[in-house]
Amino acid sequence: MDANAIREQFPILNQEVNGHPLVYLDSSATSQKPLPVIDAVDAYYREDNSNVHRGVHTLGTRATEKYEGARETVRRFINAKSTAEVIFTRGTTTSINTVASSFARANLNAGDEIVITPMEHHSNLIPWQQVAKVTGATLKYVPMQQDGTVSLEDMRETVTGKTKIVAITHVSNVLGTINPVKEIAEIAHQNGAVIVVDGAQGAPHMNVDVQDMDCDFYAFSGHKMCGPTGVGVLYGKRKLLEEMEPVEFGGEMIDFVNLYDATWKELPWKFEGGTPIIAGAIGLGAAIDFLNDVGMDNITAHEQKLADYTMEKLRTIDGISIYGPEKRAALVTFNLGDVHPHDAATVLDAEGIAVRAGHHCAQPLMKWLEVSATARASFYLYNTEEDVDRLFDGLLKTKEYFGDVF
Amino acid sequence: MSFNNLDTLYRQVIMDHYKNPRNKGTVDGDALTVDMNNPTCGDRIQLQLQVEDGVVQDAKFNGEGCSISMSSASMMTQAIKGKKLDDALNMSKAFSNMMLGEDVDTEKLDMEEVASLQGVSQFPARIKCATLAWKAMEKGVQE
């Protein structure tokens with residue numbers, strides 16, 4: 001895989017920021033978009049824009065074909081059995097909230113348990129807090145190991161016959177931990193629970209096979225995997241989705257409507273009330289085609305090399321703290337001595353380097369790490385070792401800059 | 001952008017307030033307490049004000065955050081001590097204007113040291129860091 005050739009496909013990367021060539025190390029927040037995605041969205045609006053599923057006219061048919069074609073592209077990407085199991089949403093947050101609002105509220109009662117981990121992003125935490133409040137179910141945390149991993153042994157001890165839902169992130173957006181979701185799914189199922197996987201940081205970076213993983217729900221966002229913002233996916237096992245009530249009611253999702261009652265369309269459309277995210281879905285389809293052309297395995301391997309290289313280099317900086325396990329996805333979260341991460345990020349920005357600083361939407365995890373905030377560099381297929389070198393130099397400059405004050 | 005530009009953000013006086021914060025701690029006796037945080041970045045401040053006859057007798061803060069938010073809190077407490085509440089609110093308004101890049105007569109308002117934060121206006125992402133303590137003060141006075 002030639003990252004430099006790939007970079008050519010991302011026009012945004014070819015610019016100077018504050019007088020330096022841009023180094024974009026914030027792909028875990030949102031990835032950049034390649035030309036084929038920008039072109040697909042552009043072509044849709046220029047040539048095919050129309051509402052889907054109802055127009056008898058030619059544009060309506062073309063828009064519907066493209067929209068449903070994108071659904072099939074997603075189905076193949078995650079190896080779902082059927083497109084009935086692929087629901088387009090606004091993003092990971094909406095996907096998880098759909099499961100929480102529909103499945104969980106209907107199936108959980110007082111005394112039931114929801115099991116999550118301390119490393120969850122707020123989007124896979126607060127929906128479950130709310131479900132617990134409304135249903136009287138108990139929210140239980142699996143303890144985390146010192147290195148920021150979850151042991152299967154602890155998982156086996158925490159998940160009980162009372163557990164109805166296990167909700168866990170595929171990849172931690174702060175620690176980079178890759179959770180053994182397949183094994184955790186098995187533990188959940190042995191106890192009669194369903195497993196909800198937050199795939200926001202998983203799907204963009206590695207092969208996902210929902211059948212092999214045997215997860216019940218898998219949620220992810222388009223914008224973190226080269227697609228547009230505003231589109232995401234909820235995968236759910238057909239049997240569960242069929243039992244679930246829609247969360248949003250209105251146009252597009254109905255079958256028959258009487259004055260006082262209505263019936264729903266079949267899957268997946270019963271969960272897609274209102275005019276769907278047509279351009280976004282088409283853009284996501286183009287993004288998946290782009291990622292497949294490069295090859296997900298190649299992307300994973302490339303990122304792994306970058307993560308290892310980053311760890312190796314950053315470790316040599318005196319006073320740096322790096323959080324998370326040795327084996328990690330393509331991100332490195334750190335603090336530089338007593339320099340507050342916002343201050344570090346500002347100095348790096350002056351050097352043209354974009355990193356994230358803050359609590360990364362994971363406040364309980366910050367508490368667990370005993371820090372108020374951290375800085376994070378995250379990578380994608382378009383990053384190179386040169387980017388890491390620039391980060392390294394930037395961090396040395398940060399130290400130098402704050403050196404006389406601290 | 002060079003480090004010279006950074007220097008407009010991180011002036012020596014700011015660093016001094018960050019390293020040696022003034023009025024950090026809690027007020028002895030009864031005080032009005034305001035908690036405020038910046039949910040997007042995790043900075044948080046607890047501000048305590050002791051007000052008698054419409055005059056700020058004492059102001060102290062505790063908190064966690066970057067150099068900009070903490071130095072701003074330190075300078076703010078210094079500036080408003082001994083001031084009438086109206087004057088303190090006027091200072092806060094002037095500070096907001098300063099963050100918008102407007103020229104402010106800090107001498108007239110007796111807040112010259114606060115003017116060292118003027119450079120923050122060139123860093124839009126950091127303005128909220130600088131205004132956190134002032135917002136907390138405004139909230140406290142309004143209560």
Side-chain angles (χ1 to χ4, degrees), chain A residues 15-23 26 29 122 126 174 333 335-376 393-394 396-406, chain B residues 1-22 24 35-46 61-75 99 116-133 136:
Chain A
Q15 66 172 299
E16 288 203 342
V17 168
N18 296 324
H20 301 275
L22 168 66
V23 171
D26 197 18
H122 293 160
I126 299 161
V174 176
T333 295
N335 265 322
L336 193 60
D338 288 332
V339 182
H340 194 280
H342 297 161
D343 294 324
T346 297
V347 179
L348 291 173
D349 184 56
E351 292 287 299
I353 304 161
V355 299
R356 185 81 190 271
H359 55 55
H360 314 289
C361 296
Q363 289 181 22
L365 180 56
M366 292 297 115
K367 210 167 260 178
W368 186 85
L369 290 170
E370 295 176 347
V371 295
S372 62
T374 60
R376 177 188 71 191
D393 293 344
L396 292 187
K397 283 182 181 164
T398 309
K399 258 194 85 169
E400 188 191 326
Y401 190 82
F402 285 101
D404 60 327
V405 217
F406 288 94
Chain B
M1 194 180 291
S2 68
F3 276 14
N4 292 341
N5 293 67
L6 276 179
D7 289 340
T8 64
L9 179 66
Y10 297 114
R11 296 179 50 174
Q12 214 53 42
V13 57
I14 297 174
M15 284 309 169
D16 178 48
H17 272 269
Y18 183 43
K19 211 177 152 195
N20 310 298
R22 328 294 200 259
K24 192 156 187 190
D35 288 291
M36 200 169 257
N37 66 347
N38 182 346
T40 54
C41 65
D43 283 4
R44 54 171 200 84
I45 181 177
Q46 182 176 75
F61 80 100
N62 266 311
E64 264 174 15
C66 62
S67 56
I68 304 299
S69 66
M70 292 298 109
S71 63
S72 182
S74 169
M75 290 182 207
M99 289 300 107
S116 62
L117 284 162
Q118 187 133 36
V120 178
S121 65
Q122 292 172 37
F123 294 78
R126 305 303 297 277
I127 291 173
K128 277 191 175 158
C129 311
T131 53
L132 181 67

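We name chains A, B, ... by the order of the sequence lines, and we start the count at 1 in each one. This structure is a prediction, so every number in the text was calculated from the model and none was measured.
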Measure across A/D338 and B/Y18 and return the closest heavy-atom pair with its distance rounded to 0.1 Å. O-OH, 4.2 Å

Could you tell me which of B/P39, B/A125, B/S69, B/G65 has the largest number of non-hydrogen atom pairs under 4.5 Å with chain A? B/G65

Identify the heavy atoms of A/S372 and B/E64 that sit nearest to each other, and give their distance. CB-OE1, 3.1 Å

Can you give me the closest heavy-atom contact between B/M15 and A/F402, atom names plus distance? CE-CE2, 3.1 Å

What part of A/Q363 lies closer than 4.5 angstrom to a heavy atom of chain B: side chain, backbone, both or neither? side chain

If you round to the nearest 0.5 Å, how far is CG of B/L6 from CG of A/D343? 10.0 Å

With sequence neighbours left out, what residues match A/H360 under ring-ring contact (aromatic ring centres under 6.0 Å, His included)? none

Examine whether an atom of B/R44 lies under 4.5 Å from a heavy atom of chain A, and if so say whether it belongs to the side chain, the backbone or both; otherwise answer neither. neither

Of all the heavy-atom pairs spanning A/H342 and B/R126, show the shortest one and how long it is. O-NH1, 3.0 Å

So how far is it from B/F123 CZ to A/D349 CG, rounded to the nearest 0.5 Å? 8.0 Å

Sequence-distant partners of B/R22, salt bridge (charged side-chain N to carboxylate O under 4.0 Å, His left out), two or more places apart: B/D16

